[in-house]
Every structure is written in C-alpha cells, then in structure tokens.
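Small disclaimer: the values here were computed from a predicted structure and weren't measured.
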Amino acid sequence: MDINQLKILDVIVNMKSFNKAAELCFVSTSTLTRQVTALEAEIGFPIFERSSFGVSLTPQGEIFYRQTQSIPWLYESAVNAARSTGLGKSKVRIGIFSYTRKAVAHACEILKEENANIDFSFVSCRFRDSRATLNSHRADLVLLAEIQNTDDRLFVLPVFRCSNSVIVPESHPLARRKGIRISELDGQTILVSAQTTDSRNFRTMRRLLEERCEHSTLLEYQHPDQADALCQLNGHPILSLDFLETNEGFVHLRLLDAPAVLIGAACRKEDCLQYRPLMERFRNHFIRSGGFEIIL
C-alpha cells in the first residue's frame, strides 16, 4: 500500500464514480481500477461495490476508509513541515478554476509581497470539483461559492457576499449602466457556464431568467474564452458573479434584483489551525480591495 492509493481511494469516495475520479486524477480509468484492485488484493477484502447508482463503499471498505483517511494528510504535513524548516518557506497549494484564476492569483501576489516566506502554487480544477480537490489533498486552500452547503469535512471562513451580474462588451448599449434589472435582458441570448449547472445559485438564476426574460435564449458555454468570443462578436451577455475579473474590453453589470452569493475560503478541517491565519489575510485583502459586502 502507498500514499497514492489512499489519495485515489478518497477521490473515488467523493466522486462516487471511477470514471470521474480518473478524470480528476488525470489517469485512465483502467489505471485507477488496477490500483484499487491491487490494494484490495493486499488487504484481503473488497473496498467498493458497484451498482446502477454508482460506486459505494462496502461495510469493510467504510471502516478501512475512515481509519486511513488522515494518513495522506499526515504524510504531506510531515513532508511540508520538513521542507519548510530546511528552506524557510511555507508551501501552499491554491485550487483555482477558470473564473477565479485572476482574482486569486492577484491576492496571492499581494500576500507574498507581505510575507516572502509563503510560496504559492496553483492547482487547476473545475468549478464543480473544487470541494473534491480539497478532500483529495490536491490543494490546501480553495475559494468557494455557495458555502452554506459545504462538506462537513471542510473548514470554511466566510469572506464576502457578491452580487450576481452579467458581463457585456464595452460597446454594448447597457455598458454605461452600473446595474440593471433582470427583465432588461429580455430578448437577448444569455451565455451561461455549462460547468455551473449543478450549483444552487445557477438554478435560482436560471429560474429568474426564465420567469423575467421570456423571449431570451440561454446558451451554455464550456470555457470562458468561448464565452468572451461570443460576447464580443454578438453582444451576448455572460451570466457571472461580480467579484470575478473581466478581460479588457468587458464590463460587469450588477443584477439589482438577483440574490447575492456567499463566498468563503476553505481548507480541510484538520488543517484549520495551520491555514486559518492565511485565510483571514485573504479576507483582509478583499476588504482592502473594496466593492464587497465583507462577512466578519
């Protein structure tokens, strides 16, 4: 048994699918299956059972998983502590997805200027997999939206509330406005991210758009660059959150009659004492940036 097998075990439990876990671990499904099979052969009992509903732990697998869950963290914590002692730096991995890349990277640059002993690296993940990225120990910190429904294995520090908004080109007729009502988008094609379709905020916004924009079409996009191109070419607004930065040539319009979204910094509960001070410094960065309703 090795640490990597236990990390893979944790990802499968979180994703409830060998295929999704393999995608998140950047390996083939057959490679992941072989590692699990080898581990099951070594310990002498099956860990997972498969059904039409997905993958679940066997009774023995449940006990094994709970007893070994902290081992990868203890290993990585020991390695990082030893490295930090030798190099004088604290290494922190930040999980980012496309829509937070600029905001989080900028915050890390500022914090590193304030404390040269912090060494940040970035782990790319999809929006829907950000919690699993923490639980699988691929990242140490992640900025999360909709933190009311957070996994109970995570510690979350509320940071700020931000508004729902749309992004439009600077040449768009509405671009001079700082805020608009949802109904003012009626009749336009509105771009929405396919990667956020399982979020509660997206479902709420989709319902509001369908109710108040009867003549609009919702068009799903796979990547922000695709949305930017369609937005710039055809003037289609992009559904977004107000704290996410835009590229040059685009502006945010706050949706005045849409609900706000609670944003928080998250780490694993066992890492709370280690990372909470850093999470509070992230919050202070956003306080200094202005434009947010800060949660204290």
Side-chain angles (χ1 to χ4, degrees), residues 3 7 10-11 14 24 69-127 129-162 241-245 261-296:
I3 296 297
K7 289 181 179 179
D10 195 62
V11 177
N14 281 287
L24 188 60
Q69 191 177 6
S70 64
I71 291 177
W73 166 75
L74 292 171
Y75 172 81
E76 292 192 8
S77 179
V79 171
N80 288 334
R83 286 176 176 170
S84 297
T85 300
L87 300 176
K89 285 183 179 275
S90 175
K91 297 181 179 294
V92 181
R93 298 165 301 169
I94 308 291
I96 55 174
F97 45 93
S98 299
Y99 321 103
T100 61
R101 188 178 304 273
K102 288 186 178 179
V104 173
H106 178 66
C108 290
E109 288 175 7
I110 299 300
L111 294 182
K112 191 166 184 177
E113 289 176 3
E114 297 173 354
N115 188 345
N117 287 327
I118 299 177
D119 189 10
F120 292 108
S121 62
F122 301 104
V123 178
S124 294
C125 60
R126 295 180 302 181
F127 174 79
D129 297 332
S130 52
R131 288 169 172 79
T133 300
L134 279 178
N135 285 326
S136 63
H137 293 259
R138 292 184 58 231
D140 303 308
L141 296 178
V142 168
L143 199 62
L144 296 178
E146 301 179 324
I147 64 175
Q148 299 91 331
N149 298 323
T150 302
D151 190 318
D152 61 7
R153 288 172 292 175
L154 302 181
F155 169 76
V156 180
L157 182 70
V159 177
F160 58 83
R161 288 190 179 92
C162 73
L241 294 177
D242 199 28
F243 86 100
L244 304 180
E245 295 186 33
V261 178
L262 189 58
I263 306 294
C267 69
R268 294 176 293 276
K269 275 188 177 177
E270 61 263 31
D271 296 341
C272 173
L273 291 178
Q274 180 179 357
Y275 292 121
R276 178 162 186 160
L278 180 58
M279 294 159 72
E280 290 176 345
R281 290 166 66 188
F282 270 107
R283 180 168 63 185
N284 291 338
H285 163 76
F286 287 109
I287 290 175
R288 295 193 300 266
S289 300
F292 305 107
E293 180 188 349
I294 303 298
I295 309 298
L296 298 176

Separation between [atom1] of [X] and [atom2] of [Y], rounded to the nearest 0.5 Å:
X      : Y      : atom1 : atom2 : answer
Leu241 : Ile263 : CG    : CD1   : 5.5 Å
Asn135 : Leu154 : CG    : CG    : 4.5 Å
Lys269 : Leu134 : NZ    : CG    : 13.0 Å

Run through Arg268, Met279, Glu270 and flag the one making a side chain to side chain contact (heavy atoms under 4.5 Å, CB included) with Phe155. Met279
Which heavy atom of [X] sits nearest to which heavy atom of [Y], and what is that distance?
X      : Y      : answer
Val142 : Ser130 : CG1-CB, 3.8 Å
Ile94  : Cys108 : CG1-SG, 4.0 Å
Ala266 : Leu144 : CB-CD1, 3.5 Å
Ala139 : Gly95  : CB-N, 3.7 Å

Kindly say whether His137 contributes a backbone atom to a donor-acceptor pair with the side chain of Arg93 at under 3.5 angstrom? yes
Could you pull out all residues at least two apart from Glu280 that satisfy salt bridge (Lys or Arg N to Asp or Glu O under 4.0 Å)? Arg276
Counting C-beta onward and ignoring hydrogens, is there a side-chain heavy-atom pair between Leu157 and Phe282 closer than 4.5 Å? no
Verify side-chain contact (heavy atoms from CB on, under 4.5 Å) between Phe120 and Leu111, making sure each step is shown before the conclusion. CA-CA 10 Å; Phe120 292 108; Leu111 294 182; 4.2 Å; yes
